[in-house]
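One structure is given below, encoded as structure tokens.
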Amino acid sequence: MFFKKKNDAPRVVPEHIAIIMDGNGRWAKKRGLPRNAGHAAGSKTFKDIARYCNKIGVKHLTVYAFSTENWKRPAEEVEGIMNILRDYLKDSKNYIKENIMLKFIGDRTVLPDDIKELMLTAEDDSKNATGLCCYLAVNYGGRDEIVHAVRDIVNKGIKAEDITEDTISEHLYTNYYPDPDLVIRPSGEQRLSNYLIWQSAYSELWFSDVLWPDFKAKDLDRAIDEYNKRNRRFGGI
């Protein structure tokens, strides 16, 4: 899709953008605040960026909300993140009004029962939205996802000689939507951190020193502008 910024030439908007929402803790520390204050600020940024993606015609947005490794953090911080997720899910009807579909990827089995119910409700309530498809990765890890996929394939009795790349893709959490065109990581770190590692094989990567709570629409525009300069050959010439 093409999107034209004010006083600017048309540009291609990636169909699918994935974001590693990093830097919440450092943002809070710089301000002498508890880490959960950073997570709360980051949640607001997520809402703003999702709305902007919907406005400019991004079809799919996937954000790293809580990883399988995040359980190692202090119990108080984990509970704070879960409470922020609860509040977001309870407020999700506002996204439905904005024609945004909500989906969740990751292993839900170990999540609190009330959060699992809220997830199902949010997905059901927004299933008919035709705008942005927004996916939250909760208790998600790329390697864990592949392990789940392999187990599923084995349990279905699929023969080894019949397994292809498509077979793997079809058994991932993301089997119903396209691989990301652009992966964004703010905060100064330059790694995927176990995020969409199968799906990002040919994604364009863009890194920024901006901490996630400070990330604005103008920063997303910078990433998209850089994306438009890339030559995506997918292994060809």
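Quick note: numbers below take in every heavy atom, side chains included, and nothing from hydrogens, waters or symmetry partners. Residue numbers count from 1 along this sequence.
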Problem - Salt-bridge present (D113, K116; N to O < 4.0 Å) - result: yes
Handout entry: Modelled atom types, side-chain donor and acceptor of T62 and Y177, under 3.5 Å
Key = yes
Practice task
Could you tell me which residues satisfy side chain to side chain donor-acceptor pair (under 3.5 Å) with D209, sequence neighbours excluded, listed by chain and number?
Solution key: none
Exercise for the section: Calculate, to the nearest 0.5 Å, the distance between atoms CH2 and CG belonging to W27 and D22 respectively. Expected result: 14.5 Å
Practice task
Could you pull out all residues at least two apart from N24 that satisfy side chain to side chain contact (heavy atoms under 4.5 Å, CB included)?
Solution key: H39, W212, P213
Problem - Candidates I20, T174, D179 - the one meeting side chain to side chain contact (heavy atoms under 4.5 Å, CB included) with L196 - result: T174
Practice task
Consider only side-chain N and O atoms of D166 and T164, and report whether a donor and an acceptor are under 3.5 Å apart.
Solution key: no
Can you list, pair by pair, the side-chain donor-acceptor contacts under 3.5 Å of residues 146-159, counting residues two or more places apart and other chains?
unit_1 : atom_1 : unit_2 : atom_2 : d
H148   : NE2    : D144   : OD2    : 3.4
N155   : ND2    : R151   : O      : 3.2
K156   : NZ     : H171   : NE2    : 3.2

Problem - N70 and S67: CA distance, side-chain angles, deciding distance, side chain to side chain donor-acceptor pair (under 3.5 Å) verdict - result: CA-CA 5 Å; N70 286 158; S67 77; 3.3 Å; yes
Handout entry: Residue pair N99, T130: steps toward the side chain to side chain donor-acceptor pair (under 3.5 Å) verdict
Key = CA-CA 6 Å; N99 199 28; T130 57; 2.9 Å; yes
Problem - No-hydrogen, no-angle side-chain donor-acceptor test under 3.5 Å, N139 and W71 - result: yes
Handout entry: Distance-only donor-acceptor check, side chains N54 and R51, under 3.5 Å
Key = no
